[in-house]
Amino acid sequence: MSDAELKSAEIKLWSESLKTSISSFFGVLSDVIHVFILVRFLDQSSVGIFFLSYGFLYLFAQIPRGIGIAVRKRASEINEGRSKYLWIGFIIILPALLLVYTGFGLMLPLLNQYSIVKIPFSVFIALLFASTGFGTLEFSRYYMAGCSEPGLAETLRTGIAKTSMPVITVLSLYYIPTVESALYAVFVSYFTTSIIIFLISPHKLVHPSREDIIDILQYSKWSLSTSILNDFYRRWDTILLGVMVGSAALSYYDSSLRIAFLATTFAIGISKTSNVKMSGMVETDEDIASVAKKTVVASTFLIFPLLILTLLNGDYMLQVLFGTEYENGGVYLVLISVVQLFQAYRVQFESVFNSSDMPNVTTQASLLSVIFNVLTAPILVVTFGGLGVLYSTIMSEFVRLAIYQVRVNGLLGEYVVPKGALIQFICFLLSTGVLLIIDDLVISSNLYMLIISIIIGIPMFYISQYILSDQTRGIIQEYIDE
């Protein structure tokens, strides 16, 4: 089969992105429900221990995720014989995880000595199981995505893992209300789903060649480094809050993060799909600049409406969802929503570089962002408390996006600053301004303000964007035509 007939290059971008995003949305919604369950069964101190443990879980999972990104790239470049990449992944991931788990176990006493939020040994054991389940699921879905099924991978992840996890968590916590029970529930739901995905995906037992293993290692030295750096960059906030601030700030942060991440699901879905599609386009010598610009515009379709909601309703939203203990965490929700705006742009640029066989660019940019974040966050925490980690993260994202713009200009011969993205900011300011005027002139309760934000502010953003942005209208038309 010729390169011109690569299935990955022919993926319908918006249909597949929407399918992937819907699955991701319900998956993140499941995470919000999961937090809701945790705060009902566990006290705030135990919730803080769970969130700190979960921060390490995500960090450990970057090993199978980073290998999965490399496997997705190589599997998307061929139509036959993809199963060899499944076994290459296992060969690399298993010893790597064993080494990391051992190192963390040796480091745990030192961490507990200096951390305000401490991880008991029983929680550590449960964390290893949960990390294995989550990491296996991460690798399995990236492998299936590389086999030209990114939408199906997300559907299975959401339909099985994310649906079963709240149910298993409720049952576990009802009988044994501990952090350990919650972590074992994560393992059962995620590991079971990964086995199902492997069975559906190409899994013929083959002996991979030494050259193929080396090829994945060479690519993954960048994708793995980027995954670890990016997740450390995100989990650094959680770890720092647990070590320097305490359970209350950690609970505000992680509960807000799960709500804000709902709005990032469309951006993630677009990135996963465009990564596969652009990889195929690069292999067939097609220009990817137009696709990159469209993905940047579409990536924030949900995030600006979230910002409209949180600016005036953040405290009230957290209070309604998680109880009065969380009613002072609204500013965390607002700032984390701003971070998600940057994250939406970030993943689109990373798709451009990864699909162009330039994962080193994302690694270098991530490294600089992490260094900036690690150096500034502790200082800002001392000055501003828990909010300091978010101030540092926002500044770090400016650094990363500036680097990406310079590098993408070198790759594509132009900066990716679509007019449609600038129009979105104008529409956001217009909608927010109207809501502020209403809030100032009309005496209303928190509930009324939330309702007004939903029925006036958000529709105003979408309608004005559709009227003013020809790129937005073009994206919608392309989806209809698909």
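All heavy atoms count here, side chains included; hydrogens, waters and symmetry mates do not. Throughout, residue positions are numbered sequentially from 1 according to the sequence presented.
- If you check the side chains of Ser396 and Ser369, you find no donor sitting under 3.5 Å from an acceptor.
- Considering only residues two or more places apart in sequence or on other chains, Arg72 meets the salt bridge (Lys or Arg N to Asp or Glu O under 4.0 Å) condition with none of them.
- Every residue two or more places apart in sequence or in another chain that forms a side-chain contact (heavy atoms from CB on, under 4.5 Å) with Glu180 is listed here: Ser122, Val123, Ala126, Thr178, Tyr184.
- Scored by the side-chain contact (heavy atoms from CB on, under 4.5 Å) test, Leu59 finds Asp231, Phe232 as partners (sequence neighbours excluded).
- Residues Tyr190 and Glu138 form no side-chain contact, since every pair of their non-hydrogen atoms from C-beta on lies 4.5 Å or further apart.
- Taking a 6.0 Å sphere around CD1 of Ile125, one finds it holds more than 12 heavy atoms contributed by other residues, nucleotides or ligands.
- A donor-acceptor pair shorter than 3.5 Å cannot be found between the side chains of Glu16 and Thr273.
- With contacts defined as side-chain heavy-atom distances shorter than 4.5 Å, the pair Leu183/Phe187 does not qualify.
- For Glu397 and Gln343, the side-chain atoms include at least one donor-acceptor pair closer than 3.5 Å.
- Side-chain contact, Thr362 with Glu350: no donor N or O sits under 3.5 Å from an acceptor N or O.
- In this structure, the side chain of Thr192 does not engage the main chain of Ser189 through any donor-acceptor pair within 3.5 Å.
- Every side-chain contact (heavy atoms from CB on, under 4.5 Å) that Val39 has, sequence neighbours left out, goes to Val35, Val47, Phe322, Tyr326.
- Every side-chain contact (heavy atoms from CB on, under 4.5 Å) that Ser172 has, sequence neighbours left out, goes to Ile168, Ser181, Ala185.
- Here Asp254 pairs with Arg258 under the salt bridge (Lys or Arg N to Asp or Glu O under 4.0 Å) rule; sequence neighbours left out.
- The backbone N or O of Val347 sits less than 3.5 Å from a side-chain atom of Ser351, completing a donor-acceptor pair.
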Side chain to side chain contact (heavy atoms under 4.5 Å, CB included) assessment of Gln364 paired with Phe353
CA-CA 12 Å; Gln364 293 160 2; Phe353 294 121; over 6 Å; no
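- No donor-acceptor contact under 3.5 angstrom links the side chains of Ser115 and Asn112, judged on distance only.
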